[in-house]
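Fair warning: this is a prediction, and the values are worked out from it, not measured in the lab. In what follows, every heavy atom counts, from backbone to side chain, and hydrogens, waters and symmetry copies are set aside. Residue numbers begin at 1 in each chain, while the letters A, B, ... track the order of the sequences.
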2 protein chains.
Amino acid sequence: MNVDVFQTLADPTRRRIVEALKGGELAVNDLVARVDIQQSGVSRHLGILQEAGFVQVRPEGTKRLYSLRPEPFQELDAWVTGYRSLWEARLDRFGQALEQRRKTRMGTPKPEEEPP
Amino acid sequence: MNVDVFQTLADPTRRRIVEALKGGELAVNDLVARVDIQQSGVSRHLGILQEAGFVQVRPEGTKRLYSLRPEPFQELDAWVTGYRSLWEARLDRFGQALEQRRKTRMGTPKPEEEPP
DNA sequence: CGTCAACATTCATGGACGTGTATATACATA
DNA sequence: TATGTATATACACGTCCATGAATGTTGACG
């Protein structure tokens, strides 16, 4: 759990592994089939993901089933929450009903507008 | 905007710059004072952050004021939302009414409550 | 025990990347 | 124009890291 979350997710292969595990636990060979690298590389990535707390292992026979753990995602969610005021500052004070209409004007680079 | 979000945030110095800009726009030298690397490195990091959409520049005299842009944070939020069911599976089924009341206590996120 | 399958680990390698030094560019002011 | 300040860019260097090939380890089964 020493390695930080962003560095772990920086590698695109690792992200593909994580997204593949979104559907549930998978064995290493299942992941090898979905990622275009060698089996040794997948095992190394799984080791990194495990050390970062992203995955856990459950041995079943000669296979090892990997699955996701929630902690790093919560940590990431908490981090991005600290920046949510960048696009929700006014709307928070305003009410959540407006928040869903937000998607109509999502590309606006000027966060200054004054509703009468 | 071509570089992906995670790779950009992987560097800790870049994250320190981003967190420093959370308080508002800053000039390059202000950031140099808060990060323990050379000015050239800060400029390079700002270039990377700009190309990834994290920051925007506003020239003022001989200075250049950098500030945050919301888009990459929204993208990150959307990504982690895809994994929120890992720790919110029950609440998701519950309804969004609860999720919106969560914002009343946004500074202290302890999402541990035990439904019977 | 021998063999095969699934997976982990070691080793060497090439490339990407962050950093410092030095230099270039832009702006303001005298 | 000249000079200083603020920032960007060029270059070289060292380090980290993802990858493949080869080898080691563990479990199942005859």
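Without hydrogens or angle criteria, Arg14(A) side chain to His45(A) main chain gives no donor-acceptor distance under 3.5 Å.
A donor-acceptor contact under 3.5 Å is formed by the side chain of Ser40(B) with the base of dT21(C). Between the side chain of Arg44(B) and the base of dG20(C) there is at least one donor-acceptor pair of N/O atoms closer than 3.5 Å.
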| request: Start with the C-alpha gap between Arg84(A) and Asp77(A), add the side-chain angles, then the distance that decides, and say whether salt bridge (Lys or Arg N to Asp or Glu O under 4.0 Å) holds. | output: CA-CA 10 Å; Arg84(A) 221 161 253 157; Asp77(A) 183 58; 3.2 Å; yes

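Checking the phosphate oxygens (OP1, OP2) of dC17(C), no side-chain nitrogen or oxygen of His45(B) falls inside 4.0 Å. Close to dC27(C), at under 4.0 Å from its OP1 or OP2, lies no side-chain N or O of Thr62(B). Within the structure, every side-chain polar atom (N or O) of Asn29(B) is placed at least 4.0 Å from both OP1 and OP2 of dT5(D).
Look at CG on Leu49(B): it is 12 Å from P on dA8(D), rounded to the nearest Å. Taking atom OH on Tyr66(A) and atom P on dA6(C), their separation rounds to 15 Å, with Å as the unit. We find that CG of Asp11(A) is positioned 5 Å from P of dA18(D), with the value rounded to whole Å. Between the CD1 atom of Ile48(B) and the C1' atom of dA16(C) there is a distance of 11 Å, given to the nearest Å. The CG atom of Leu26(A) sits 15 Å away from the C1' atom of dC7(C) (whole-angstrom rounding). A straight line from CG of Leu9(B) to C1' of dG18(C) spans 16 Å, rounded to a whole angstrom. The separation between Phe6(B) atom CZ and dC17(D) atom C1' is 19 Å, rounded to whole Å. Atom CD1 of Ile37(A) is separated from atom C1' of dC7(C) by 14 Å (rounded to the nearest Å).
Scanning all heavy atoms of the two residues, the minimum distance from Ala20(B) to Arg34(B) falls at CB-CD, 4.1 Å. Heavy atoms only, all atoms of each residue included: Val55(B) and Leu46(B) are closest at CG2-O, 3.9 Å.
Residue Gln38(A) is in sugar-phosphate contact alone, with no base atom involved, counting any heavy-atom pair closer than 4.0 Å across all strands shown. Across all strands shown, Leu65(A) has no heavy atoms under 4.0 Å from either base or sugar-phosphate atoms. Across all strands shown, Gln7(B) has heavy atoms under 4.0 Å from sugar-phosphate atoms exclusively, and none from any base.
When the nucleotides dA8(D), dT10(C), dC11(D) are ranked by their closest atom to the side chain of Gln39(B), dA8(D) comes out on top. The side chain of Lys63(B) sits closest to dT7(D) out of dT19(C), dT9(C), dT7(D).
Under the 30°/60° scheme for interplanar angles, the aromatic rings of Trp79(B) and Phe6(B) are found to stand perpendicular.
In terms of position on DNA chain D, the residue among Arg64(B) and Asp36(A) whose nearest nucleotide sits closer to the 5' end is Arg64(B). Mapped onto DNA chain D by nearest heavy atom, Gly41(A) and Gly61(A) fall at different nucleotides, with Gly41(A) at the one closer to the 5' end.
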